[in-house]
Amino acid sequence: MTVGLRMVGGMGGNITSCMPDTSRANPRRAAITGVATYVPDRVVANAELARTLDTSDEWIITRTGIRERRIGAPGETTSTMGAEAVRRLMAARNLGPRDVDVLVVATVTPDMLFPATACLIQDRLGLENVWGFDLSAACSGFLYALTTGAQFVASGAHRRVVVVGADLMSAIIDPLDRTTAVLFGDGAGAVLLEEAEPGYGILDFVHRVDGSGASDLMMPAGGSLKPATTGTVAAREHYLKQNGRTVFKFAVSQMAGSVERLLERHALRATDLAAVIPHQANQRILDATADRLGLPRERMASVIARFGNTTAATLPLALDDVVRGGKLKRGDLVVFVAVGAGFTIGSTLVRWS
Ligand code: UT7
């Protein structure tokens, strides 16, 4: 690994921030050279949820900005969605089965706890020359996987790394819990990382975790702490639980704070950014973050109305929308930012090529 890491303390309580040590950085960088996505066909609009839950289209839109989400068909899984996103990416870039070196899959809904979803995607696509693994960082998963994958390119160890964000959230959402059932959806996205031209690509990142927030967004059972029993099933503990208000407040302050730290290090202002690609949890979080940063709201990418919160897939879905909309041109500065369960927090600065 050529980008050294230094631990920076004192950024709030016992929180430590992990930043790349640019003084030792290898000038070789990774660039995002392709993006593709997949979402299931089935559209579930708010009105459909309001037929079985004590909620309304109006509450969901005004409190979250979500109008509809995609829900996987029976038989669809995180690996089938992820594989389809990778297949589309490879087709778009004309890559064959021997052309991908590494597959990093961010997800909190793997098909199984093991083997890794990366192995299932490799097998489904017949990739002949790849190694890979899953990465668990919830809503920041794609961002952390991007940083991880970029190191393989920056070090010169590998030429082509595919980073996937995929989650079948419908597998872990309690259909009887209106506080979470309206928020999430299913989807997948993938990006290709290759060596960047000098001055372009993934320039820097600020990531940190704060495990004191672990109980505010989690799935209580199914791990080594509480293996599955008839009791955990009866108590509905295999579903996601969220303390929405706490996570909301944390997300608003930390998304803006993370981006500010990143911008400060490069003597940039938010208005220097062509776009911010944020994790899509709530339109109110996106608007508040844009306002805190002094970023025009239209530069804050948003696809939440169509897809809801797809956890690890939100960043590639939003990036794909921005790229397809022709909103990024060569040389533009872009920031990716996410806050999620853990808590996990991060932002990444890219000069688009
Ligand atoms: O992606 C991972 C990170 N996750 C996030 O960033 C999510 C952050 N949190 C949020 O986005 C918001 O907190 C929610 C959308 C989850 C909730 O919005 P809120 O404005 O914070 O609502 P609240 O939790 O304060 O609840 C307000 C009221 C409550 O009723 P009372 O106690 O005031 O009578 C809730 O029971 O709204 C009620 N409520 C609902 N009403 C209708 C909660 N969910 C619903 C619902 N439909 N679906």
Side-chain angles (χ1 to χ4, degrees), residues 44-69 106-109 136-144 165-170 172-187 189 209-219 239-259 276-290 292 300-305 307-318 336-347:
V44 174
N46 293 343
E48 184 175 337
L49 295 176
R51 286 206 282 275
T52 53
L53 286 169
D54 181 14
T55 189
S56 66
D57 182 40
E58 199 246 333
W59 191 95
I60 301 170
I61 289 175
T62 53
R63 307 306 290 177
T64 72
I66 300 167
R67 293 178 181 275
E68 59 190 36
R69 70 286 293 143
T107 186
V108 289
T109 53
S136 174
C139 299
S140 306
F142 181 83
L143 199 63
Y144 289 11
D167 270 304
L168 192 90
M169 294 305 291
S170 58
I172 61 164
I173 293 303
D174 186 345
L176 303 181
D177 178 5
R178 71 174 182 173
T179 68
T180 53
V182 303
L183 303 176
F184 293 91
D186 302 337
V209 298
D210 176 4
S212 67
S215 59
D216 289 311
L217 182 47
M218 40 93 88
M219 192 166 85
Y239 290 126
L240 172 155
K241 313 283 178 196
Q242 176 172 238
N243 184 350
R245 263 178 231 189
T246 304
V247 179
F248 185 95
K249 283 186 204 146
F250 188 82
V252 168
S253 71
Q254 297 300 316
M255 296 243 296
S258 182
V259 175
V276 171
I277 314 286
H279 171 55
Q280 314 275 308
N282 189 318
Q283 187 60 46
R284 289 187 293 139
I285 295 176
L286 304 191
D287 291 343
T289 303
R292 280 184 181 220
M300 183 70 84
S302 178
V303 291
I304 194 167
F307 303 125
N309 183 347
T310 53
T311 305
T314 62
L315 290 179
L317 284 170
F336 294 79
V337 59
V339 168
F343 291 120
T344 53
I345 305 120
S347 56

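Note that the structure is a prediction, hence the values are computed from the model and not measured. For ligands, and for the atoms within them, numbers begin at 1 and follow the listed sequence.
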Minimum side-chain heavy-atom gap Q242-V247 below 4.5 Å:
yes
First-shell residues of ligand 1 [heavy atom, distance under 4.0 Å]
D54, T55, W59, R63, T64, C139, R178, T179, V182, L183, L217, Q242, G244, R245, V247, F248, H279, A281, N282, R284, I285, N309
Decide yes or no for L286 and M255: does some side-chain heavy atom of the first lie under 4.5 Å from some side-chain heavy atom of the second?
yes
Keeping the roles fixed (side chain from R284, backbone from R63), state whether a donor-acceptor pair exists under 3.5 Å.
yes
Does any donor atom in the side chain of D167 or T107 lie under 3.5 Å from an acceptor atom in the other side chain?
yes
Who passes ring-ring contact (aromatic ring centres under 6.0 Å, His included) against F307, sequence neighbours left out?
none
Donor on one side chain, acceptor on other, S170 and D186, under 3.5 Å:
yes
